[in-house]
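Below is one structure; the comments refer to it alone.
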Amino acid sequence: MNQVKETLTGFGIGIIIYTAIVEIIGIFFSENILFYTLGLFFGTVIAVILILHMVKTLDKALDLSQVQASKYMRKQSFFRLFIMLAALSAGMLVPFFNFIAVLLGLLGLKIGALLAPGFLKWLYPDRYITDTGEVTGKEVEDSK
């Protein structure tokens, strides 16, 4: 469970930095800064909820058989897609949400996933696992 918490930390930092950059840029281009900020905040909150749902789903799927896990993961994936579509619909229908900002907030999910490995390597250099599966740092010395 430690690796899950570390990975969530990397995701969180990635999303926070991405959201801050998007907010700063959006302030210059948005006609209504309040609606833009509310939309971005809404999309970001949904993205964080989706990440937490993914973690819970993966944890439960590991306790199931392969067939059950596959069905469960597929069902939960469609549920997350439904939540994203509902959030985008809310961005279009709720007058005080900027739709583009909601979309950008939801993209924080993907950007956070792309940025997380860099932050994990920076935060936990002794335990970071490389793309080849090699463990770098202290764990290599401890295994000898």
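All values below were derived from every heavy atom in this structure, side-chain atoms included, with hydrogens, water molecules and symmetry-related copies excluded. None of these values were measured; they are calculated from a predicted model.
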Donor-acceptor list for residues 81-101 side chains, cut-off 3.5 Å, not counting sequence neighbours:
{"unit_1": "Ser89", "atom_1": "OG", "unit_2": "Leu85", "atom_2": "O", "d": "2.9"}
{"unit_1": "Asn98", "atom_1": "OD1", "unit_2": "Ile100", "atom_2": "N", "d": "2.9"}
{"unit_1": "Asn98", "atom_1": "OD1", "unit_2": "Ala101", "atom_2": "N", "d": "3.2"}

(message) Check for me, please, whether Ile25 and Val102 land in the same ILVMFWY cluster - side-chain distances under 4.5 Å, paths through other members count.
(response) yes

(request) Share the residues that join Leu62 in a hydrophobic cluster, the rule being Ile, Leu, Val, Met, Phe, Trp or Tyr side chains under 4.5 Å apart at the heavy-atom level. (result) none

(request) May I have the step-by-step check of side-chain contact (heavy atoms from CB on, under 4.5 Å) for Leu64 and Lys71, ending in yes or no? (result) CA-CA 10 Å; Leu64 301 173; Lys71 289 179 184 178; over 6 Å; no

(request) Determine the minimum heavy-atom distance between Ala69 and Ala61, stating which atoms define it. (result) CB-O, 3.5 Å

(request) Can you measure from CD1 (Ile49) to CZ (Arg80) and round to the nearest 0.5 angstrom? (result) 13.0 Å

(message) Check for me, please, whether Ile27 and Leu103 land in the same ILVMFWY cluster - side-chain distances under 4.5 Å, paths through other members count.
(response) no

(request) Just jot down the side-chain hydrogen bond (donor to acceptor under 3.5 Å, both in side chains) partners of Ser70, sequence neighbours excluded, or say none. (result) Arg74

(request) Tell me whether Ile16 is reachable from Leu50 by hopping between hydrophobic residues (I, L, V, M, F, W, Y) whose side-chain heavy atoms are closer than 4.5 Å. (result) no

(request) Using ring-ring contact (aromatic ring centres under 6.0 Å, His included) as the criterion, list what pairs up with Phe79, not counting sequence neighbours. (result) His53

(request) Starting at CE of Met54, measure out to CD of Gln76 and round the result to the nearest 0.5 Å. (result) 11.5 Å

Would you mind writing out the side-chain donor-acceptor pairs for residues 35-44 within the sub-3.5 Å range, not counting sequence neighbours?
{"unit_1": "Tyr36", "atom_1": "OH", "unit_2": "Val22", "atom_2": "O", "d": "2.9"}
{"unit_1": "Thr37", "atom_1": "OG1", "unit_2": "Glu23", "atom_2": "OE2", "d": "2.7"}
{"unit_1": "Thr37", "atom_1": "OG1", "unit_2": "Ile33", "atom_2": "O", "d": "2.9"}
{"unit_1": "Thr44", "atom_1": "OG1", "unit_2": "Thr19", "atom_2": "OG1", "d": "3.4"}
{"unit_1": "Thr44", "atom_1": "OG1", "unit_2": "Leu40", "atom_2": "O", "d": "2.8"}

(request) Might you point out which heavy atoms bring Leu104 and Tyr18 nearest each other, and give the distance in Å? (result) O-OH, 2.8 Å

(message) Could you work out, with side-chain contact (heavy atoms from CB on, under 4.5 Å) as the rule, every residue matching Leu58, not counting sequence neighbours?
(response) Met73

